[in-house]
Protein chains: 2
Amino acid sequence: MPFGKPRAERADAVRNREHLLKTAREMLAECGADKVTMDGLAERACLGKGTVFRHFGTRAGIFRALLDADERRFQEQVMSGPPPLGPGAEPIDRLIAYGRARIAFLLDHHVIARAALDRNQPAPVGDPSVTQLHIRVLLQQGAPMPNIAGVAIQLTAALEGPLLLYLSRPDTDANETAEIYDLLADAWQTLIERLTR
Amino acid sequence: MPFGKPRAERADAVRNREHLLKTAREMLAECGADKVTMDGLAERACLGKGTVFRHFGTRAGIFRALLDADERRFQEQVMSGPPPLGPGAEPIDRLIAYGRARIAFLLDHHVIARAALDRNQPAPVGDPSVTQLHIRVLLQQGAPMPNIAGVAIQLTAALEGPLLLYLSRPDTDANETAEIYDLLADAWQTLIERLTR
DNA sequence: CTATGAAGCGGGGTAAAGTCCGTTTATGCT
DNA sequence: AGCATAAACGGACTTTACCCCGCTTCATAG
């Protein structure tokens, strides 16, 4: 029997994983991210602790899994949604729209994204290479410049860094959030416009 | 007796803190960052665990303290060293030099800086406001633009993000390190030059 | 339908972070 | 010097992430 189909995933495993994610989302909504403990989650889901670890590997893995679902939806908008975020608009306009949407996404998912950070792991949010690659391609199309690869890395960080590293304030109300969004989204636009002039 | 002098720090406390930092540095050099545990450090320093926590608050605090010393030296170079990093050169040249120096610094301190990240804490590396403020001032002088504050935040992230978030590979040899440095430093220069054209 | 083997499950065990509080000690004052 | 006091110390205790391995359950072949 070849590698191609290493046997489908067991039905109970699928059921349990979904149940765990649902439970995790509940706990997250009720008590905040750092009240979501592995034991607590296992108990509330009426499953063994080992099961939780089998599915997610580490605590951060749970949050990564929670992000993934939304992340997939986000990337769908980018790949096949309406312009300017989706295909059809000018590369530079798409790049600006991408940044704005991404900042909004990260603000929304800020708590989860940060909880998905892991002491010893390359990258937390989504697959950074997806964002990075997208930026790189659009940049290449809209404004070729030397060292596109490096610039794309840094623009990725410019987008995701502030929300993961510097503005990690759980005590942010809706008003402030809107302000932060405007600040960063406008800054992103400035950055891209001047960069690609 | 007013607030001004709430009593000098006790001599034994100073001695112990320095001894702890020295011991931590030794353990770090010998076994790597994640072998530096609070219990281990306390035992090796022949002090109680409570003492370690009194001085550093959290595990990440130890690494923050280790960074601080070098960080101070770095900022000194920026504030009063020779140009173009120090004062005297054109703002844009200083900005480019700052980025290059900062990238080198973070590559050197990459392991410590990452270990200084804390699950629930605003910012890990140095005082981000120092880097941010410096970038902002130089940008203002050299190339005024709308939303300088926001752009400065994002440029700060562009500088520190890659090394904290994306390139966290402990298995990097000297050769690769040099490559990464060139990639990012050149990218930074491109970014700034095009941004301030 | 049953056998079988692999995938999944459970929960006790370990190690490390962080808390607490009773005890010790440096320091400044008399 | 002796004393009062706040600071510092120590280490037991609690909580939590993560490991491990024997047991159970599902899916497939016969």
Side-chain angles (χ1 to χ4, degrees), chain A residues 1-21 23-24 27-28 31-66 114-121 124, chain B residues 1-21 23-24 27-28 31-66 114-121 124:
Chain A
M1 193 167 289
F3 279 124
K5 203 206 323 174
R7 200 175 245 189
E9 198 178 17
R10 264 168 60 166
D12 57 341
V14 174
R15 208 178 330 119
N16 281 338
R17 184 169 59 247
E18 254 153 54
H19 183 221
L20 281 169
L21 285 174
T23 308
M27 293 177 74
L28 189 60
C31 335
D34 46 36
K35 287 290 175 53
V36 179
T37 72
M38 300 307 256
D39 297 282
L41 176 57
E43 188 177 3
R44 177 147 169 179
C46 300
L47 289 169
K49 205 183 346 175
T51 306
V52 180
F53 278 94
R54 150 167 303 264
H55 282 298
F56 303 112
T58 70
R59 191 188 119 94
I62 292 176
F63 296 98
R64 224 172 316 125
L66 286 176
R114 213 178 141 78
L117 275 171
D118 196 336
R119 264 222 281 139
N120 10 333
Q121 196 130 17
Chain B
M1 194 168 287
F3 280 123
K5 202 201 334 172
R7 200 177 247 190
E9 198 179 18
R10 264 167 59 163
D12 56 342
V14 173
R15 208 177 331 118
N16 282 338
R17 185 170 56 247
E18 254 153 56
H19 181 222
L20 281 169
L21 285 173
T23 308
M27 293 177 74
L28 187 60
C31 333
D34 45 36
K35 287 290 177 52
V36 178
T37 73
M38 301 306 258
D39 296 278
L41 177 57
E43 188 177 3
R44 176 147 170 178
C46 301
L47 290 169
K49 192 165 34 155
T51 305
V52 180
F53 277 93
R54 151 168 303 267
H55 283 299
F56 303 112
T58 71
R59 190 189 119 95
I62 293 176
F63 295 97
R64 222 171 318 127
L66 286 177
R114 212 177 141 78
L117 275 171
D118 195 336
R119 260 217 289 140
N120 12 334
Q121 196 129 19

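Proteins get letters first, then strands, A, B, ... in listed order; numbering begins at 1 in each. Note that these values count all heavy atoms, side chains included, but never hydrogens, waters or copies made by symmetry.
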*What distance do B:Thr58 atom OG1 and B:Asp118 atom CG have between them, rounded to the nearest 0.5 Å?*
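One finds 4.5 Å between OG1 of B:Thr58 and CG of B:Asp118.
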*Report yes if at least one side-chain N or O of B:Thr51 is closer than 4.0 Å to OP1 or OP2 of D:dG10; otherwise report no.*
yes
*For D:dA8, take OP1 and OP2 only and decide whether either is under 4.0 Å from a side-chain N or O of B:His55.*
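Checking D:dA8 against B:His55, no side-chain N or O comes under 4.0 Å of OP1 or OP2.
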What is the distance, rounded to the nearest whole Å, between atom [atom1] of [X] and atom [atom2] of [N]?
X	N	atom1	atom2	value
B:Leu20	D:dG10	CG	C1'	13 Å
A:Leu47	D:dT24	CG	P	17 Å
B:Asn16	C:dA26	CG	P	10 Å
B:Arg15	D:dC9	CZ	C1'	13 Å
A:Asp34	D:dT15	CG	P	16 Å
A:Ile62	D:dT16	CD1	P	14 Å
B:Arg59	D:dT15	CZ	P	22 Å
B:His19	D:dA8	NE2	P	18 Å

_5' precedence on DNA chain C between B:Gly50 and A:Arg119 (nearest-nucleotide basis)_ = A:Arg119
*Earlier contact from the 5' end, DNA chain C, for B:Met38 and B:Glu9*: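 Looking at DNA chain C, the more 5' nearest nucleotide goes with B:Met38.
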_Please determine whether side chain to side chain contact (heavy atoms under 4.5 Å, CB included) holds for the pair B:Lys35 and B:Met27, giving the CA-CA distance in whole Å, both sets of side-chain angles, and the decisive distance to 0.1 Å._
CA-CA 8 Å; B:Lys35 287 290 177 52; B:Met27 293 177 74; over 6 Å; no
*asked:* How close do A:Ala33 and A:Leu28 get, counting heavy atoms only, and between which atoms?
replied: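 Smallest interatomic distance, heavy atoms only, reads CA-CD1, 3.4 Å.
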*asked:* For A:Leu41, run the side chain to side chain contact (heavy atoms under 4.5 Å, CB included) check against A:Thr23, A:Thr51, A:Leu21 and tell me which one passes.
replied: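 Going through A:Thr23, A:Thr51, A:Leu21 one by one, the side chain to side chain contact (heavy atoms under 4.5 Å, CB included) with A:Leu41 is satisfied by A:Thr23 alone.
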_Taking donor-acceptor contacts at under 3.5 Å, does the side chain of A:Arg10 reach the base of C:dA7?_
yes
*Answer with base, sugar-phosphate or nothing: what part of the nucleic acid does B:Arg54 contact at a heavy-atom distance below 4.0 Å?*
base
*With a non-hydrogen cut-off below 4.0 angstrom, is B:Ala11 in contact with a base, only sugar-phosphate, or nothing?*
sugar-phosphate
*Could you check A:Gly57 against B:Asp39 and say which one's nearest nucleotide on DNA chain D is further toward the 5' end?*
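Of the two residues, B:Asp39 wins.
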_Looking at B:Arg17 and B:Phe56, would you say the former's side chain and the latter's main chain have a donor-acceptor pair under 3.5 Å?_
no
*Among the nucleotides D:dA17, C:dG18, D:dC9, which one has an atom lying closest to any side-chain atom of A:Phe53?*
D:dA17
